[in-house]
Amino acid sequence: MSQEQDNPFLNGLWKESPVFVQFLGMCPTLAVTNSVRNAIAMGLATTFVLVLTNVLVSSVRKLVPNQVRIATFIAIAATAVTVTDYLVKAISIDIYKALGPFLALIVVNCVILARAEAFAAKNNVSRSFADGLGNGVGFTLGLTMLGTVREVLGAGSFLGVSLFGPNFEPWVLFLLPPGGFITLAFWLLLFAWYRDRKARAAAAPAAMQEVHS
Amino acid sequence: MSSFSIIRCLGLVSLISGVLIVGASLVTKDQIRINQEIIMRDSIAQLLPGVEKQVAYGVEPNGELTRLTSVDAKGPKMFAGYDKQGKLLGVVLEASERGYADIISALYAYDPATKAIVGFSVVEMKETPGLGDKITKDKEFLENFRKLDTSKPIVAVKHGTKKNPWEIDAISGATISSRAVGRMLQKSMTEMAPIVTRHLDRIQRGTE
């Protein structure tokens, strides 16, 4: 296994991006990405919960009986979410309102349980911390990429700053639920096309060289 | 694995979770209350420009007013705003009504001297982004509440057909949300305008 493949932070960040590769947590991914600000806030809140849950799960992993591990992981995740809920409310009520019910729903975001079960339950605390952080930042990055496209096309602004002036007719569809699906589909299409091209390029050199020589 | 160890594990996890949650709640409680009060103060100041002093009243079911000291008290409330000289600028009242997606709740300013609504701002809503959510910031729509007459029933009319001072020019594409705003103001005014009028002397003094 190469160095890069074994780095839990980089794996979560991009190679196994929760949004574009693992397809985890699709509900918040589609629901709160109608502006860049909401996407970043949701991503950061999820990152915080993910890191906290991963560290806690990893530190108790040897003490938890196998039969009740899922129940324990969910209790830990729910605690982390409730604490986050209070913290966000104390930091900014505006952000709290924008996230609405989706903040409490982080607890059922499958990224949390998936990382707890697939990684934190089998790895030490520091690797689990890196995994949580990587997946969290990767989730934030994915959400922000969706949020950017949707806000720019749907409202003509980026982070609330108008980009095209008053004559821009907002493409409201991109702020509505279908816009979330469409944007996600186009990002996936782009990545699939890029991967495909890279795979062809890797297979082709032999043939290419023959032609050139 | 014996059932005892399972019970011990779950019990311990629940206990630690409980302690963490109560701890977080205690640590953040004061800051959350301060935030809520700041938001309330700011929105009242926005609705009544030039406001220097604010007094909060709780509205009892029998129409009596009680002086409040904290904004997170339960039940309907009103906020009286005064300028530097202590002159009553208006009262800020709460209104809510079912919109297109969920309950829309709002604050609005009522000037008892002219019997007109002089300001409106949405507190919470889940209306469609790009359409219904325009009720929060559409300039043309908010212009309706610069001076909205309340002597006749308030009603939202189709975009561009507003003729009378008690009509709200609806946002095109957001008729349901606009109508909900009209209904919530009418409902709240029917209930609250008589109470404000009845206690006007006391509210104007602003000392009790």
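Order of the sequence lines sets the chain letters (A, B, ...), proteins ahead of strands, with each chain counted from 1.
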*asked:* Within a 6.0 Å radius of atom CZ on A/R127, are there more than 12 heavy atoms belonging to other residues, nucleotides or ligands?
replied: yes
_Atom NZ of residue position B/K53 - does it have more than 12 heavy atoms of other residues, nucleotides or ligands inside 6.0 Å?_
yes
*Can you tell which of B/C9, B/S17, B/S14 makes a side-chain contact (heavy atoms from CB on, under 4.5 Å) with A/T72?*
B/C9
*More than 12 non-hydrogen atoms from neighbouring residues, nucleotides or ligands closer than 6.0 Å to CD on B/E64, yes or no?*
yes
*Rounded to the nearest 0.5 Å, how far apart are CD of A/Q67 and CG of B/L10?*
10.0 Å
*Proximity breakdown for A/A75 and chain B, heavy-atom pairs closer than 4.5 Å*: both
_A quick test of your reading: do over 12 heavy atoms of other residues, nucleotides or ligands sit less than 6.0 Å from CZ of A/F164?_
yes
_A/I93 to B/I32 - nearest heavy-atom pair and separation_ = CD1-O, 4.2 Å
*asked:* Can you confirm whether more than 12 heavy atoms, excluding those of B/F141, are under 6.0 Å from its CZ atom?
replied: yes
*Name, in order of residue number, those residues of residues 169-184 of chain A that have a heavy atom at a distance of less than 4.5 Å from a heavy atom in chain B; otherwise write 'none'.*
A/V172, A/L175, A/L176
*Contact part of B/V123 toward chain A, heavy-atom cut-off under 4.5 Å: side chain, backbone, both or neither?*
both
_Flag side-chain contact, heavy atom, 4.5 Å: B/I21 against A/Y86_ = yes
*Do other residues, nucleotides or ligands put more than 12 heavy atoms under 6.0 Å from the NZ atom of B/K187?*
yes
*Say whether, by atom type as modelled, one donor and one acceptor occur between the side chain of B/N35 and the main chain of A/A90 under 3.5 angstrom.*
yes
*Hey, does B/T28 have a side-chain heavy atom less than 4.5 Å from the side chain of A/K89?*
no
_Tell me if the OH atom of B/Y100 is crowded by more than 12 foreign heavy atoms within 6.0 Å._
no
_Heavy-atom cut-off 4.5 Å, strictly under: side chain, backbone, both or neither for B/L20 against chain A?_
both
